[in-house]
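Since the structure comes first, as structure tokens, the remarks are kept for the end.
Numbering of residues begins at 1 and proceeds along the displayed sequence. Just so you know, these numbers use all the heavy atoms, side chains as well, and skip hydrogens, waters and symmetry mates.
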Amino acid sequence: MTDFFSKERITANPSFNRWLVPPAALAIHLSIGMAYGFSVFWLPLSKALGIKDPIACADSMSIWARAFATDCDWKVSDLGWMFTLFFVFLGTSAAVFGHWLEHAGPRKAGAVAALCWGGGLLLSAYGVYTHQLWLMWLGSGVIGGIGLGLGYISPVSTLIKWFPDRRGMATGMAIMGFGGGAMIGAPLANTLMAHFSTPTSVGVWQTFAIMGVFYFIAMMIGALCYRVPPTGWVPKGWVPPVSNGNSMITNRHVHVNHAHKTPQFWLLWAVLCLNVSAGIGVIGMASPMLQEVFGGALIGEQLKLSELSSDQLLRVTAIGAGFAGLLSLFNILGRIGWASLSDTLGRKRTYIIFFALGFFLYVSAPWAGTVGSVAVFAGLFCIILTMYGGGFSTIPAYLADIFGTQHVGAIHGRLLTAWATAGVLGPVIVNYLRDYQLDHGVPASEAYNVIMYVLAALLLLGFVCNLLVKPVAEKHYMTDAELEAERKLAHEKSIKLNGDKVESQQSENHPLLVFVAWTLVAIPIGYGIYSTLQKAWILFN
């Protein structure tokens, strides 16, 4: 069993069709991407006991007391901690287990990710059933968060090695799945909750259980379909670019244990952290921001949000949900679009565009709100979200360019601590600045103006950090002898386990198999896009 999941066991024959790997990566990323869509559970869970009339906990109860309380409903703010746990443990587990993944291989990491994410959802289902909030935090937040980290980084190194000629596009294809997971999972969750809801149940625990099993199966299929290229493999006819001391793409390799000793690692850490902080702050407040800035104007009424009737408020809320869905779609498009474009532009130039254009768009947002143009306001943030998503999918290729491909998966894992930091920093900036201004009498429609300027300042700082990125100094690279010894050991293990069996895997190269694999991931993606566009349509009508 250990051999079956080992990295050496899944070494492909030289004629293996590399286009079979991205669908396997998407199967995992589309599953764990549901983490972005967990907000669909907050309102139903906030009335899990009272159903129609929530049973409030005593004001004197602390958050820890509420976590173990079984006789009162949970606050949305308490449930929201799961969102923070997701990204803290995603970044932490990616950093801790990234080096292990390089040796264990993507199949083993993907299988563990499936156990953690699917098992975490099942534990959360039991937590909802018994009304124990701490079990939800532990199940989905901690155990599931570890699954997110392992699942997120499991295909990165493999895809970069299969697509050395298209690094950005390859990582973009997989990482767009993480952005698109909520687009598929959120409407599916709503459908399941509606099906299982009764006068005595909101249908959440059943939904968690079904989705946990479904995601486990999908992720295990993806993990079992992973293959790694033989040592020294390159695409037919492709010649690696010649590297020189001033090139931003190296043919050398930096060991993971030395990468964090370079200024390039920490500059790229800051680049990712600042780009994500700005974007994730907007994502977390997208729906209420649109509603508070435009109020009744969203439905043709010149009224403030607080002046709307309950029916009008429902219509405005629906538009806010459509806006959030539209941002999710552009987040996905940015992940594949910008990452692919970076193969032509270069990674450094791509991030220059992210920060320069992003700065202009953020400082323009208050103006769009003042002139009352919903279309312009929404358009600005749709473009912003493409660059938020593009930042995630371009960074692995950027790391491979700077540090080489030998340990890029482990280096990427450590860099994702920047995401964990941004997952706290971005929402804190937005939420606390908003509350501070509202507490000091600033109208809700103007409370986001200063926030946009602060987020623009973060992008300006990121712009500077990106400009400072230079090629790694010679002293940090692995010697030829160190690299050869590492690769020889991996090759010998592969031969010992596989022998000549890989030569019999010719059936995997059939074009029909590639078509089937891509169709299986295209169906849920198509469902998600259709559901998103259906909801977003009302935003402009």
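- Residue A339 comes nearest to G172 through the heavy atom pair CB-CA, 3.8 Å, listed as atom of the first residue, atom of the second, then distance.
- When the options F392, Y398, F463 are evaluated for a ring pair (Phe, Tyr, Trp, His ring centres under 6.0 Å) with Y351, the one that passes is Y398.
- Between F83 and F38, the ring centre distance reaches or exceeds 6.0 Å.
- Minimum interatomic distance between R335 and Y152 (heavy atoms only, all atoms of both residues): NH1-OH, 4.5 Å.
- Annotation: F5 is not in aromatic contact with Y226 [ring centroid separation under 6.0 Å not met].
- Ring planes of F381 and F377: tilted class, angle from 30 to 60°.
- R227 places no side-chain N or O within donor-acceptor distance of the main-chain N or O of I10, the cut-off being under 3.5 Å.
- R18 is linked by a salt bridge (charged side-chain N to carboxylate O under 4.0 Å, His left out) to D165, counting only residues two or more places apart in sequence or in another chain.
- H29 contributes atom NE2, which lies 8.5 Å from atom CG of L26 (distance to the nearest 0.5 angstrom).
- The number of heavy atoms from other shown groups lying within 6.0 Å of CZ (F360) does not exceed 12.
- W338 and S393 share no side-chain donor-acceptor pair at under 3.5 Å.
- L148 and A35 make their closest contact through CD1-CB, 3.9 Å (heavy atoms, listed as atom of the first residue, atom of the second, distance).
- Heavy atoms of other residues, nucleotides or ligands lying less than 6.0 angstrom from OH of Y530 number 12 at most.
- Relative ring orientation between H255 and H407 is described as tilted, the plane-to-plane angle lying within the 30° to 60° band.
- For W19 and F163, the ring centers sit closer than 6.0 Å to each other.
- A pairwise comparison of heavy atoms in C116 and I146 identifies SG-CG2, 4.2 Å as the closest pair.
- For the side chain to side chain contact (heavy atoms under 4.5 Å, CB included) with F403, the qualifying choice from R252, H476, H253, Q264 is Q264, the only one to do so.
- Around the CH2 atom of W81, the shell of radius 6.0 Å holds no more than 12 heavy atoms that belong to other residues, nucleotides or ligands.
- Y362 places a side-chain N or O within donor-acceptor distance of the main-chain N or O of A278, the cut-off being under 3.5 Å.
- When every heavy atom of K161 is checked against every heavy atom of P164, the shortest pair comes out as O-CD, 3.5 Å.
- Contact detail for I402 and T250: the closest heavy-atom pair is O-CG2, 3.4 Å.
- In this model, no donor atom of one side chain and acceptor atom of the other lie less than 3.5 Å apart for T394 and R347.
- Between Y36 and F86, a ring centre-to-centre spacing not shorter than 6.0 Å is recorded.
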